[in-house]
Each structure stands twice: as structure tokens, then as C-alpha cells.
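Some notes on the structure that comes next.
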Amino acid sequence: MGRAAADFAADYYEALLAGHLPVMSQAQPGFLRRALPAAAPEQAESGEAVLQDVKALILPGLTHWQHPRFFAYFPCCASVPSILGGVLAAAMNVLGFQWAASPACTELEQVIVRGVSSLISLDWLAQLLGLPPSLCPAASPAAGAVLYGTASEALLAALLAAKARTLAGRQPEDALRLVVYATDQTHSCCRKACMVSGILHLRQLPTCAEQGYAMQPQALEAAVQADLAAGLLPCFVCATIGTTGCCAVDPVAELVPVAQRHSIWLHVDAAWAGAFAILPEQRQAHFQGLEGADSYDVNPHKALLCGWECSAAYFQDIQWVRRALTVPPADSPYLVNDACGSGRMSLQLVEAAPGEVADGPAAPTAGTFGASSGECAGSCFASIAADTGSGTDCFSGEPASTPPKGSPAAAASCPASGPTNQQPVERQDVDIVFGHGGFRGLRLWMVLRMYGGDGLRCLMQHRLRMQRFLADMLAADERFEVVVPPRFGLVCFCLRGSRNQDNAALLEAVNSSGTAFLSHTLLSGRYVIRCALGGTLTQGCHVEAAWRTVQRCAGALRAAQVGGHRV
């Protein structure tokens, strides 16, 4: 069965390259339910029979994300190394919630903090992307990195950390006054993160074409000042390098002073575009100011060939993530162990009273961690006594003395290191979920090894060449206009002087042809077609074929309009 599955996968990719499969499924809702029995079989079936049904029923019902003419959304790129890593990970089937449960998984996926450099996947990636020392655990004792599933998870973790920092020293009810800042181009996962974390106030700052659809520091400052005057608590700014709609770049370097002046957590989402920082010229042009960011995220499962799901998040001060997401060990005594390097052991040092040093490994109590039912979610580790504003720092055992507004001084006053015996942070204490399978770090590690920095830089240059190729063809056809400057492999265009419904009809015709799959966005109320170039198998010939389809469909649309049949 294993050999048959491998052959099937090889045949599948050959069919994609040969163009034997349409990129976009033409299936109708309910097609699979009508084709399959109503109940599972009583008798076991052969693997060959199952694979036959996969070919006959499943493949026609897929929109093929690995197709060389898939240009919608942003590509989710797989590669041979990531597929091999996925096969190995599936065979091992490990769970990475705790160091003792899977030491290699923990150390491959998560950089060891407290100044220990272990040149593992996230550390390697940080070097390739040229991240500043403030975000690199190998360079900064306070920093940490986590391999999440998606950028949405990374943003939520950052938001919960920001919430914990802002509420340190405050009353639980102050959580109702927290404010998040984004733009109308920010990914919708920011709003969902607010919904999940219970934050009621989200400010979507307007953007415009004249300013490249980027967040403006003056607009952010004005919004913050207005909220302060209204008695609210500015908490979190979500900046983006490479927005989903048009790859706008928020000016991080100019936003940093605003965030620092008001002690606001600055998160930078570079889910797709972050991979382009592997090119020094792109890094210089678009990735300035990251040394002032509190958190930063990039998705290797998109542009860096790692396959779904794999999102690398870097934090300037990992302690706030731990404070937001660590469950008191008293709630899970079955996870406390004597394994060398267990981060859970580090938390036991707070068993002593404030100002004292713990002598032994007795299990901490819930009271030690301030986990009373009345405390606000995301701040249980502040151990704040509502009547005095004092408490116990859960990592050091020292009296809490955090300034009330989560200022830089607050971050400096809380030790990020805890014990000094160079232990890893446990996965369960920095992740949204308790633990995960999939061994994502194995795929990233294999991609980095089997492509190398040179290979990945060549890949990114190839994408930029395809971007210029398509932009030049668009410029040569007077029927079309490029709406925003092409960037990070994304080209946004529309019919010149057209109505929104005309561009929508054009996109529908292109996608219905089966030749290519593109998507759209709205910019200043205009319906704009997006062509995202970056698939693993995509070459110039596929870009040209898609462009010829766009031209042909545009010609048919214009002919129908001239003939009096407005679409």
C-alpha cells in the first residue's frame, strides 16, 4: 500500500505539470455525498480500491493548490523535502506539548531561550531572514520563538501576551477597556483574535491609494490619543508587511515610536511577504524597524515550500506569552516530571513565599499562581492582589513590582529567565492549544537543509522575475491597468475604466475556463483582480498561459458589451 500511495502521489504531480487536471474544481455542492455510501463498510476494503476512489471522486472535487496555474489568495507551497518530512512525521506521530514527551520535536521546533543557541530550524530561519537580535533567542536572553500552525494562531498568541502585559498591575475589569489598532487592509484574523480574546474595541484605520494602503503613524497617534481621552487602554497594534489584499507595507520603523511612546505591543504580520526578506535588497526596502517590534510572524508553509501548516513567530520577550498561556501545574500534576530540561520544573521555583527561595520540587499550588476564578483570562500569572496592587512573580518568586500600564519598564522589571539552568520553554506554555502533532519543525528543517540559503534565494528571485514578466505584459495591453505597484509576487490589475461588475465577470470567466485560478479584492471600492505568483511548480510558461486566458476572456466580454449585451 505504501508503494502504491507513493506512485499515486508521483502520478498526481505529473498530471498537474502536464495540465491533465483543471486547477479549479467544477464540482457542485453535495457531489461527494451523492457518490459515496451512507455508511462505512462492514468489511475491510483494499488500499487499491480506496486509491481508485480517491482518483475518481476526490481529485475532481479539489481545487489544486499545488497546480502551476494556481494564482489565487497566496500559494501554500509544498516541496519534495517537506513531503518527505511530512511522511516521516506521520510515521513517528509524536505530540510536542512537553520536552519530556518528545525532546527532539521540542528542540527542533522551538528555539531554546535564555541565551542558548542550538542552530535548529527557527534559529536557522531567523538568520536567513536577517531578523534583528532583539527577536532572536540566540542573541537575546529574553527573546523566544514558537512554530505555530498559522499566522492567525501567532497573532492570537501575541494579542494575549499584549493583554497580559497591559493588564499587569491593573484591576481585572480594565480588560473591558483594551483597544486594538489595525487598518482596513489588515487580515480578518485580527478581528477574530479580538473576538476570541474578549477585546471589545478594534480600531480599523482607513487607508488610501495615495499612501499605498499603508497604516499612517499620524493616524495611529490620533486614534490612540482619542482613546486615551475616552478612558480606554491602548494595547496592541497589528502592522503588516505584505497585506493580503494588495501587499501593502505598513511603515514599521515609523510606527515603533508611536507604540513605544504609549507602551503598546507592536505585532508585525509578514505571513506571506516575510520570506522575501531572505533577499538583502528586499530586506532593505521593506523590512526596516523590526528591532522595535514586540512580535513578528512569517509562514514557511506559504513562500518557503514547507507545506501546510507551519508559521514561525518570534517574540522580543517570551515571558509575556508564557504569562498569558501557561496553565498552573496544579491543574495538571501528571505533567510535572524530573526530566532534565523540563520547563515545568522551572515553574516549581515559585513554591516559596515571596522573597524566599524554593528548596525542592514540591508541586506548586493554584494559589501560588493567582489563578482565582475572578481574575481576567490571560493575566492569571500576574498574581495581582486587587486591594494592594501587589503580588508574586510566578517565575522568580519575587514580589511583583510591575508598573501599571505594561510599559517598557514593566517588561524590564519582570525577569524573563526564571532559573538559570538553560531549560527550554514547554510547548504547552506558549501555544494556544495544549499540544500539537504533525512535527512541523521536521518539515522546515528538511527544507532548509535540502534547499539551502542559496536555493531559497534563487526561488524568491524567480518569483520576482515572474512578477515583472506579468506586469510588463499588462502594461503592454492598453485595456488593463496595474492598480498598485507589484510587490512580493503579487500583481493587482483591472480593466481600465470599467465597472466593478465587468471585472467580476472577467474573473468568473477566467476561473470557469479551468486554465487558471485567480482571486480578487476591493481597493478604494474598486473590484481588483489579484494574481499571486509563487507556486512551487509555477514557471513563466504558466504565467503566460494564464495571461492569454485573461486577454481572451476580456476580448469576449468586450465583444458582448459592444453587441449590446452588457454583462
Side-chain angles (χ1 to χ4, degrees), residues 155-183 186 189-206 215-239 250 252 255-269 292-295 315-317 319-325 370 372 374-391 393 400-414:
L155 192 153
L156 177 58
L159 179 54
L160 292 172
K163 181 178 179 181
R165 192 179 79 174
T166 305
L167 292 177
R170 292 186 173 274
Q171 301 298 320
E173 56 267 25
D174 286 337
L176 301 177
R177 300 193 289 126
L178 298 177
V179 187
V180 169
Y181 302 88
T183 75
T186 302
C189 69
C190 184
R191 179 176 291 279
K192 179 165 284 190
C194 290
M195 295 164 60
V196 172
S197 60
I199 291 181
L200 304 179
H201 306 284
L202 171 62
R203 302 285 180 258
Q204 283 192 329
L205 306 178
M215 182 184 293
Q216 297 303 301
Q218 300 88 343
L220 175 61
E221 176 70 36
V224 170
Q225 292 287 0
D227 285 330
L228 287 172
L232 299 176
L233 287 176
C235 174
F236 183 88
V237 175
C238 182
D250 292 337
V252 175
L255 298 173
V256 166
V258 180
Q260 291 182 344
R261 184 160 52 248
H262 298 286
S263 303
I264 304 173
W265 185 290
L266 177 59
H267 176 72
V268 180
D269 179 356
D294 292 287
S295 52
F315 298 92
Q316 188 173 131
D317 193 348
Q319 69 146 330
W320 294 110
V321 184
R322 298 180 70 189
R323 285 170 180 260
L325 296 174
S372 64
E375 290 194 14
C376 175
S379 62
C380 65
F381 278 81
S383 299
I384 302 301
D387 55 340
T388 65
S390 64
D393 185 283
S401 57
T402 307
K405 290 190 178 181
S407 64
S413 68
C414 296

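Everything quoted here is computed from the prediction, not taken from an experiment.
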Kindly compute the distance separating [atom1] ([X]) from [atom2] ([Y]), expressed to the nearest 0.5 Å.
X      : Y      : atom1 : atom2 : value
Glu173 : Leu167 : CD    : CG    : 10.0 Å
Leu202 : Tyr181 : CG    : OH    : 10.5 Å
Thr186 : Met215 : OG1   : CE    : 5.5 Å
Leu255 : Gln260 : CG    : CD    : 11.0 Å
Arg177 : Leu232 : CZ    : CG    : 7.0 Å
Met195 : Lys192 : CE    : NZ    : 6.5 Å

Practice task
Determine, stepwise, if the pair Leu159 / Ile199 fulfils side chain to side chain contact (heavy atoms under 4.5 Å, CB included).
Solution key: CA-CA 9 Å; Leu159 179 54; Ile199 291 181; 3.5 Å; yes

Where [X] and [Y] come nearest, the two heavy atoms and their spacing:
X      : Y      : value
Cys238 : Asp269 : SG-CB, 4.5 Å
His267 : Phe236 : CB-CZ, 3.4 Å
Ala157 : Phe315 : CB-CZ, 4.5 Å
Ala193 : Leu156 : O-CD1, 3.8 Å
Val258 : Pro217 : CG2-O, 4.0 Å
Ala239 : Leu266 : CB-CD1, 4.1 Å

Problem - Val180 side chain reached by Cys190 side chain, heavy atoms, under 4.5 Å - result: yes

[X] side chain to [Y] backbone, donor-acceptor under 3.5 Å:
X      : Y      : answer
Gln316 : Ala293 : yes
His201 : Leu176 : yes
Lys163 : Ser197 : yes

Exercise for the section: Please step through side chain to side chain contact (heavy atoms under 4.5 Å, CB included) for the pair Thr183 and Gln216, ending with a clear verdict. Expected result: CA-CA 9 Å; Thr183 75; Gln216 297 303 301; over 6 Å; no

Handout entry: Matching residue for Val237 among Val224, Asp250, Leu220, Val268 - test: side chain to side chain contact (heavy atoms under 4.5 Å, CB included)
Key = Leu220

Practice task
Mark yes when over 12 heavy atoms from residues, nucleotides or ligands other than Arg203 sit less than 6.0 Å from its CZ; otherwise mark no.
Solution key: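 Enclosed: over 12 neighbouring heavy atoms sit under 6.0 Å from CZ of Arg203.
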
Exercise for the section: Please check if any side-chain donor atom of Thr166 sits under 3.5 Å from a side-chain acceptor atom of Trp265, or the reverse. Expected result: no

Problem - Cationic N near anionic O, under 4.0 Å, Arg165 to Asp294 - result: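 Salt bridge: yes.
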
